[in-house]
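Read the structure below first, then the notes.
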Amino acid sequence: MSFTIKDMTIRDEYNRQRIFKGVNICFKGRENQHEIYEFFDKFENDKNFRDEQYDMLTSNGVNLIRLGFTWAMLEPKKNQFDEKIISYLKLFVDECQKRNIYIVLDLHQDLFYSNGKYGDGAPKWITRDYKEKQPLAIWAEGYFYMQDVQRAFNDFWRNKNGMQDEFISMWKRLDDEFKGYDNVVAYDYFNEPMINDNSNKIFCLLINNALKQGLNVDFDAQKYFGTKFERLGFFRMALAVLFKIKTVGRLKLLLKNLDDYSAFDKVIDGAQKYVKEFDEKYYQPFINKITSQCSCKNGFDFFEHSYYSNLGIPFSIEPPDNSIYSPHVYDLFIDSPLYNKYSSNERVRYIFDNVRKNQLNMNVPVVMGEWGGLCPKKTDWFSHIDFVYSLIEQNQWSSIYWNYYFENDEFVRLMNRPYPIAVCGDIISYRTDSNERKFFMEYKVSDDYVLAETQIYVPNKGVQKFKSNYGINKIEIIHLIDVISPYRFCQSHFIDYSFGTLDKIK
């Protein structure tokens, strides 16, 4: 099936508005390359194992996979490609095609180069000049203060030693390998691009602003950095922050005050100029360059915003033709122990509102490439995820979750909800009440549309097909209730469904 863009929506060959529900499946190949080979050997030779992986996805309504892998995996030595890994990925995509699952190819990176077990992306033959350093607490610290991580990004954006050209050559190879697969519908060229030069400045600015908004205290994070002893600087800064907080009561006050829409707007204040400079001087030329040389023939080119725009810092470029904006959205405390109890709906609402402004400025569809996260063995964060999902529904965006928490039945029950796959006409609104187990959608079919069936995924029922009429259509799905709709020019369908649970990936 072919897809096109109409205004800010994705359309199929019947001009139906399409919504995709996706998950991220990412093979990073840091220090566990042997585990990837073991997985794919079993995937290739054990049909039952292979079917289990896909049954788990399709039984949860997943019809899109963002398939991540690294440049280091594919080209461990210059011009020497790992043909076995490429064949494994093609096998994975082929099996998806048999099951009507679409693929976004994601040449993934974290910290851009192989930083021990904490970074991945570019191969060592092109990043050997950058030192591997272990973070003190979380993997993402490398973005905030590690000078070699920043230097690696700086060199990439400036194409030092042809790094960018080599990267694009890798994408050309991928384009050649996968152009025959109709279910490969997008290329996501660069995961979470980090801005050049000013990463530490933004990090320090955010820390300063957060303490000002949360505790009304002045702080200068920048003074702890600037020497070659960068980890010591980070440690000293962290101790200074703890001294400002001092007590549990002060910590709770900080967290309470940062759980506020307007306060969070002030936290990111001042960072816009750095992001704007990067977008205009470095990111826009890169997007233009790579899409001019390598473009997804069967679908779209995805472009993300920079790493710091995950927090809602405004982003805008001139999108090339046939492009889709694929933002990542996470709460401030993602990847930290605070995420379970202190993830904030207000902060995320702020980020969503800014992503929506970005979308309107660029006039492109949105497929959210990453959102959510997880906090294993905890459950308080589930209500936050339910809220985020409601924002995705309000904006009528497709989305790709990172990373689906199959280990928990309650989480699967929350996530495995109805959604519109293909809608004849234009969606007015749709929403799910996960507590009451209700789904409602309203859509309009104008006279200039050719009538086609509307498809909705329903848990434990699969894809349900409905006839559409000209005018306003309404579809309602309610657990164990059967009602006749009183509306004129509309239809209502009531289907008994329950949300299922599945075993985790073996």
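Taking a cutoff of 4.0 Å between a charged side-chain nitrogen and a carboxylate oxygen, Asp182 and Lys297 do not qualify as a salt bridge. Between Arg173 and Glu75, no side-chain nitrogen of the basic residue sits less than 4.0 Å from a carboxylate oxygen of the acidic one, so the salt-bridge criterion is not met. The existence of a salt bridge linking Arg66 and Glu370 is confirmed by a sub-4.0 Å separation between a basic side-chain nitrogen and an acidic carboxylate oxygen. In this structure, Glu280 pairs ionically with Lys276, as a charged nitrogen and a carboxylate oxygen lie closer than 4.0 Å. Ion pair Lys98/Glu95 flagged as a salt bridge, since at least one NZ, NE, NH1 or NH2 atom sits closer than 4.0 Å to an Asp/Glu carboxylate oxygen. By the 4.0 Å N-to-carboxylate-O rule, Asp94 lies too far from Lys90 to be salt-bridged with it.
Neither side chain, Tyr307 nor Asn191, offers a donor N or O lying under 3.5 Å from an acceptor on the other. Using modelled atom types, one finds no donor on one side chain facing an acceptor on the other under 3.5 Å when comparing Asn48 with Glu52. Counted by atom type alone, Tyr282 and Arg158 present one or more donor-acceptor pairs between their side chains at under 3.5 Å. Between the side chains of Asp197 and Asn154, at least one donor N or O lies within less than 3.5 Å of an accepting N or O. In this structure, a donor-acceptor pair under 3.5 Å is absent between the side chains of Asn63 and Arg99. Side-chain atoms of Tyr187 and Asp106 form no donor-acceptor pair, as typed in the model, at a separation below 3.5 Å. Under the 3.5 Å distance criterion, with hydrogens and angles disregarded, a donor-acceptor pair is assigned to the side chains of Asp82 and Tyr37. No side-chain donor from either of Gln284 and Asp279 sits under 3.5 Å from a side-chain acceptor of the other. At a cut-off of 3.5 Å, with distance as the only test, a side-chain donor of Asp301 or Ser295 sits close to an acceptor on the other residue. A donor-acceptor contact closer than 3.5 angstrom links the side chains of Ser434 and Asp386. If you check the side chains of Asn200 and Gln222, you find a donor sitting under 3.5 Å from an acceptor.
Between Tyr330 and Trp402, the distance separating the two ring centers is not shorter than 6.0 angstrom. With ring centers used as reference points, Phe153 lies 6.0 Å or more from Phe278. Not less than 6.0 angstrom separates the ring centroid of Phe387 from the ring centroid of Trp381. Aromatic rings from Phe92 and Tyr54 are positioned such that their centres are separated by under 6.0 Å. Between Phe303 and Tyr189, the ring center distance fails the sub-6.0 Å criterion. Between Phe190 and Tyr283, the ring centre distance reaches or exceeds 6.0 Å. Taking the ring centroids of Phe333 and Tyr339, they lie at or beyond the 6.0 Å cut-off. Taking the six-membered ring for Trp and the full ring otherwise, Tyr404 and Phe411 have centroids separated by under 6.0 Å. Aromatic ring centres of His108 and Phe27: separated by at least 6.0 Å.
For the side-chain hydrogen bond (donor to acceptor under 3.5 Å, both in side chains) test, residues two or more places apart in sequence or in another chain that qualify with Tyr145 are Glu141. Among residues two or more places apart in sequence or in another chain, the side-chain hydrogen bond (donor to acceptor under 3.5 Å, both in side chains) test is passed with Asn363 by none. Applying the side-chain hydrogen bond (donor to acceptor under 3.5 Å, both in side chains) criterion to Lys357, with sequence neighbours excluded, gives no partner residue.
Between His305 and Phe315, the ring planes lie perpendicular to each other; the angle is over 60°, past the 30° to 60° tilted range. Relative ring orientation between Tyr401 and Trp371 is described as perpendicular, the plane-to-plane angle rising above 60° on a 0-90° scale split at 30° and 60°.
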Might you work through the side chain to side chain contact (heavy atoms under 4.5 Å, CB included) test for Tyr224 and Phe235, ending with a clear yes or no? CA-CA 9 Å; Tyr224 297 97; Phe235 181 70; over 6 Å; no
What do the steps show when you test Ile268 against Leu206 for side chain to side chain contact (heavy atoms under 4.5 Å, CB included), and what is the final call? CA-CA 6 Å; Ile268 69 167; Leu206 295 175; 4.1 Å; yes
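Interatomic distance, Leu255 CG to Ser343 OG, rounded to the nearest 0.5 Å: 11.0 Å. Between the CD atom of Glu393 and the OG atom of Ser399 there is a distance of 9.0 Å, given to the nearest 0.5 Å.
Listed here is the closest heavy atom pair of Lys377 and Tyr405: N-OH, 3.1 Å.
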